[in-house]
Amino acid sequence: MPRFTEFDFGVSTVMGLFHQDWIYDGDTAADVVAKQLSALVDDEEVLAIRRDARTLGNLPSPTLEVLWEAGSQYFPAFERVGGGAEWTRTVVALCDARLSESSDVPPLAGADVEDGVDCLDAVVAEIEATQFLEAEVRAALTDCANRCTPEVAFRVLLRVMRCASDHPTLSPEQYTRLEAIGADLRYGEFVVDSVRYLAEQQ
């Protein structure tokens with residue numbers, strides 16, 4: 001059974017909201033996320049974001065700040081959102097508010113609850129292999145894989161790759177390994193494919 005979407009999902013999509021022009025989507029970071037959540041038709045998408053954010057709550061605030069900044073192009077200063085832990089709790093609360101508008105929200109099931117524990121070693125190996133990321137970012141991703149779930153860490157890794165500066169590239173061999181992990185996690189066609197261009201730049 002594949003996952004509910006062919007594309008990226010969960011908290012990594014929230015990171016993607018903070019691009020160069022994000023301020024035009026809301027006065028505050030919370031407004032931007034609330035607007036996006038209200039536009040989502042499927043409750044599954046909101047459930048996936050909430051599950052990810054709850055899982056990330058296992059990490060200390062400084063580690064969360066590294067991940068949020070690395071996974072976003074223009075994340076607001078953390079003093080504006082209360083720090084990494086407070087911001088992550090805010091995302092959970094916004095999801096709760098959105099889900100409260102639905103009378104019957106079925107839980108995630110099947111492939112959508114896959115946590116990727118069997119892929120832990122492979123995910124950590126790819127984090128370490130991504131040498132164009134700063135050591136601090138690789139350490140935060142590894143902490144996420146070990147203390148949250150490898151599945152969340154892998155999606156955040158893909159997002160961080162796309163936000164990295166200095167024109168990063170992936171070897172064809174590493175991209176093939178990323179595809180294999182994505183297949184094990186039963187991702188849709190375009191989740192790992194989102195970083196294919198980094199291998200094609202070789």
Side-chain angles (χ1 to χ4, degrees), residues 1-17 33 37 40 42-68 70-72 84-85 87-96 98-99 105-130 133 137-163 174-195:
M1 180 187 294
R3 291 181 182 269
F4 65 85
T5 176
E6 291 290 288
F7 300 91
D8 191 17
F9 59 94
V11 79
S12 47
T13 64
V14 177
M15 292 175 173
L17 297 176
V33 176
L37 292 174
L40 295 177
D42 295 329
D43 291 338
E44 287 174 316
E45 296 180 73
V46 186
L47 285 169
I49 293 170
R50 184 177 68 176
R51 179 199 56 196
D52 285 358
R54 283 176 169 174
T55 301
L56 288 176
N58 293 324
L59 297 173
S61 192
T63 302
L64 288 169
E65 291 174 13
V66 171
L67 293 177
W68 280 105
S72 305
W87 167 247
T88 305
R89 286 191 292 269
T90 296
V91 173
V92 173
L94 291 169
C95 290
D96 286 339
R98 160 62 178 77
L99 291 168
V105 181
L108 292 173
D112 298 322
V113 298
E114 174 64 61
D115 59 13
V117 171
D118 292 341
C119 298
L120 175 60
D121 291 343
V123 170
V124 171
E126 293 313 315
I127 292 168
E128 288 305 314
T130 312
L133 299 179
V137 175
R138 296 199 308 272
L141 286 164
T142 299
D143 203 15
C144 180
N146 285 304
R147 299 179 60 178
C148 301
T149 69
E151 193 277 318
V152 171
F154 186 66
R155 270 186 291 113
V156 175
L157 170 64
L158 296 174
R159 172 64 63 179
V160 169
M161 287 179 175
R162 292 161 61 186
C163 292
Q174 185 175 10
Y175 180 74
T176 297
R177 295 195 303 268
L178 295 174
E179 282 190 312
I181 295 172
D184 287 342
L185 295 172
R186 293 182 281 184
Y187 283 161
E189 179 181 359
F190 303 108
V191 178
V192 177
D193 184 74
S194 65
V195 298

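Note on Asp52 versus Arg155: salt bridge recorded, some NZ/NE/NH1/NH2 to OD/OE distance being below 4.0 Å. The residues Arg98 and Asp43 are annotated as salt-bridged, a charged nitrogen and a carboxylate oxygen being separated by less than 4.0 angstrom.
Distance alone, capped at 3.5 Å, places no donor-acceptor pair between the Arg147 side chain and the Leu59 backbone. A donor-acceptor contact shorter than 3.5 Å is absent between the side chain of Thr88 and the backbone of Ala53. Remark: the backbone N or O of Val152 is paired with a side-chain donor or acceptor of Thr149 at under 3.5 angstrom. At distances below 3.5 Å, not a single donor-acceptor pair connects side-chain atoms of Arg50 with backbone N or O atoms of Cys95. Not one N or O on the side chain of Glu6 forms a donor-acceptor pair closer than 3.5 Å with the backbone of Phe190. Side-chain N or O atoms of Glu114 include none that pairs as donor or acceptor with a backbone N or O of Leu185 at under 3.5 Å.
In the model, Glu179 has no side-chain atom that pairs as donor or acceptor with a side-chain atom of Tyr187 under 3.5 Å.
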* Starting from the C-alpha separation in whole Å, work towards a yes-or-no answer on side-chain contact (heavy atoms from CB on, under 4.5 Å) for Val46 and Val105. => CA-CA 10 Å; Val46 186; Val105 181; over 6 Å; no

* side-chain hydrogen bond (donor to acceptor under 3.5 Å, both in side chains) between Glu44 and Thr5: does it pass, once the steps are laid out? -> CA-CA 9 Å; Glu44 287 174 316; Thr5 176; over 6 Å; no

* To do: Decide yes or no on side-chain contact (heavy atoms from CB on, under 4.5 Å) for Ile49 and Glu45, but give the supporting numbers first.
  => CA-CA 6 Å; Ile49 293 170; Glu45 296 180 73; 5.6 Å; no

* Go through Leu157 and Leu133 one step at a time and tell me if the side-chain contact (heavy atoms from CB on, under 4.5 Å) criterion holds. => CA-CA 10 Å; Leu157 170 64; Leu133 299 179; 3.8 Å; yes

* With side-chain contact (heavy atoms from CB on, under 4.5 Å) as the test, would you mind laying out the steps for Thr130 and Gln174 before giving the verdict? => CA-CA 9 Å; Thr130 312; Gln174 185 175 10; 3.1 Å; yes

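Note on ring orientation: taking the six-membered ring where Trp is involved, the planes of Trp68 and Trp87 are perpendicular (angle over 60°, cut-offs 30° and 60°).
With rounding to the nearest 0.5 angstrom, the OG1 atom of Thr13 is 6.0 Å from the CG atom of Asp8. Distance check: Phe4 CZ to Asp42 CG gives 8.0 Å after rounding to the nearest 0.5 Å. Separating the OG1 atom in Thr142 from the CD atom in Glu126 is a distance of 11.5 Å, to the nearest 0.5 Å. Rounded to the nearest 0.5 angstrom, Asp193 CG and Leu178 CG are separated by 11.5 Å. For the atom pair CZ (Arg54) and CZ (Arg89), the distance works out to 13.5 Å, reported to the nearest 0.5 Å. Rounded to the nearest 0.5 Å, atoms CG (Leu67) and OG (Ser12) are 11.5 Å apart.
Asp184 meets the salt bridge (Lys or Arg N to Asp or Glu O under 4.0 Å) test with no other residue; sequence neighbours excluded. In terms of the side chain to side chain contact (heavy atoms under 4.5 Å, CB included) criterion, Asp118 has no residue partners (sequence neighbours excluded).
When all heavy atoms of Cys119 and Pro150 are compared, the closest pair comes out as C-CB, 4.5 Å. Taking all atoms of both residues into account, the shortest heavy-atom contact from Pro106 to Leu47 is O-CD1, 3.1 Å.
For the side-chain contact (heavy atoms from CB on, under 4.5 Å) test with Cys144, the passing option among Thr55, Leu56, Ile127 is Leu56; the others fail.
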